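Okay, here's the structure, questions in a sec.
Being a predicted model, the structure only gives us computed values, none of them experimental.
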Amino acid sequence: MRRAVEELFSAFGRLKIAVIGDPILDEYIFGRVERISPEAPVPVFEVERNEFRAGGAANVALNLKSLGVGRVLLLGRVGRDEGGRLLKKLLEEGGVETKLLESAGVPTTRKTRLVARSQQLIRIDEERRTPLGEEETLKLFEELKRFNPDAVVVSDYAKGVVTETLGRLLRDSGFKVFVDPRPQNLRAYRGLFCVTPNLKEFEAMARRLGLEGPAEEVAPLFRERMGLEALVITLSERGIALFTDGESARFPATAREVYDVTGAGDTVAAALSAAYAAAGDWHLACRFANLCAGVAVSKLGTAQVRPEEVLAELSRLGL
């Protein structure tokens with residue numbers, strides 16, 4: 001396994017991968033709680049420091065770059081605001097190319113988390129879910145075609161970038177498209193290459209197709225009805241399930257204490273798409289995605305995974 005992973009890392013530098021979807025600015029406010037407010041029975045949070053990180057589609061793009069992919073392009077929408085400027089700076093510092101529409105009317109999606117003693121106390125979301133117009137979607141798609149990637153990752157957080165128009169354009173493009181989905185946009189994913197839901201998302205999407213029953217029983221029919229090359233379901237501590245034409249396989253998760261699952265789906269989408277684009281092997285791609293997810297959930301909040309961390313994980317597992 002180690003040699004196969006090392007060969008993946010060697011091949012990643014030759015890849016071009018595009019990410020299209022909803023960029024999110026994640027703010028972490030770290031502090032302490034040591035008393036109750038005299039005004040109401042609520043804890044008093046004393047701020048010590050804050051930190052900005054790239055979330056959503058931006059986290060997928062940074063994960064691809066941190067894994068060693070040669071060129072990464074992020075396409076999406078941000079607001080013409082401080083959040084948009086901060087996101088662009090984070091992406092530029094991480095080596096990600098960007099083609100981001102700036103909207104005066106739709107603010108940058110922002111999630112603020114208050115953290116004390118490494119525990120999230122509350123999350124505050126600022127967002128406006130406004131679908132992109134057809135002209136804006138076409139503009140992003142033209143930039144995607146010019147980039148001519150080896151693979152495309154659709155990072156859908158249901159904030160408006162992913163629409164049925166985008167799905168149709170991607171389906172007709174011939175690109176290998178990997179989708180980190182949201183159930184409400186199911187129709188946009190028909191005929192694409194691979195969809196990578198978690199179990200809860202898959203069950204919701206299956207119900208929308210009128211499919212009821214255990215996930216691993218209805219998954220092959222779901223894949224067939226949706227016209228997918230592959231369906232990859234992440235099962236948290238139970239690993240990853242793969243469904244392709246005539247085959248199903250399960251890949252156990254690596255044994256590791258889960259610290260924080262924030263952004264783990266972003267890491268899986270990045271790792272799976274890069275590994276398959278480099279090697280064309282679903283089993284290797286799933287095993288590699290499992291390794292990367294194991295590293296991601298050991299970190300606090302949205303974070304990127306680096307090659308040396310994956311190799312250290314292999315050593316920890318004796319592989």
- Message: Please verify the inter-ring angle class for Phe12 with Phe9; under 30° counts as parallel, over 60° as perpendicular, anything in between as tilted.
- Response: perpendicular
- Query: If you draw a 6.0 Å radius around CD in Glu224, do more than 12 non-hydrogen atoms from other residues or ligands fall strictly inside?
  - Reply: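 No, the 6.0 Å shell around CD holds no more than 12 heavy atoms from other groups.
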- Message: Let's go through Leu319 and Arg2 carefully: what are the C-alpha distance in whole Å and the side-chain angles of both, what is the deciding distance for side-chain contact (heavy atoms from CB on, under 4.5 Å) to 0.1 Å, and is it a yes or a no?
- Response: CA-CA 6 Å; Leu319 298 174; Arg2 174 174 287 270; 5.9 Å; no
- Message: Show the nearest heavy-atom pair for residues Cys194 and Leu272, with the distance to one decimal.
- Response: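 Cys194 and Leu272 have their closest heavy atoms at SG-CD2, 4.1 Å.
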- Message: Between Arg35 and Glu46 (salt bridge meaning N to carboxylate O under 4.0 Å), is one present in this structure?
- Response: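 Yes.
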- Message: Are Phe222 and Phe243, when compared by the centres of their aromatic rings, separated by less than 6.0 Å?
- Response: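 No; Phe243 has its ring centre 6.0 Å or more from that of Phe222.
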- Just how far is it from atom CG of Leu166 to atom CG of Leu138, taken to the nearest 0.5 Å? 9.5 Å
- So, for Val60 and Ala270, which heavy atoms are closest and what is the spacing to 0.1 Å? O-CB, 3.8 Å
- Query: CD/Glu201 to CD/Gln184 distance, rounded to the nearest 0.5 angstrom?
  - Reply: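 Taking CD in Glu201 and CD in Gln184, the distance rounds to 9.0 Å.
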- Query: When you check the gap from the basic side-chain N to the acidic O, do Glu142 and Lys145 get nearer than 4.0 Å?
  - Reply: yes
- Message: For the residue pair Arg71 and Phe147, would you count it as a cation-pi contact if the rule is NZ or CZ under 6.0 angstrom from the ring centre and within 45 degrees of the ring axis?
- Response: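 No.
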- Phe288 and Phe251: ring-ring contact (aromatic ring centres under 6.0 Å, His included), yes or no, with the steps? CA-CA 10 Å; Phe288 180 73; Phe251 303 90; over 10 Å; no
- Shortest non-hydrogen contact from Ser273 toward Leu64: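 Closest approach of Ser273 to Leu64, heavy atoms only: OG-CD2, 3.9 Å.
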- Closest approach of Val232 to Pro197 (non-hydrogen atoms, all atoms of both residues): O-CD, 3.3 Å
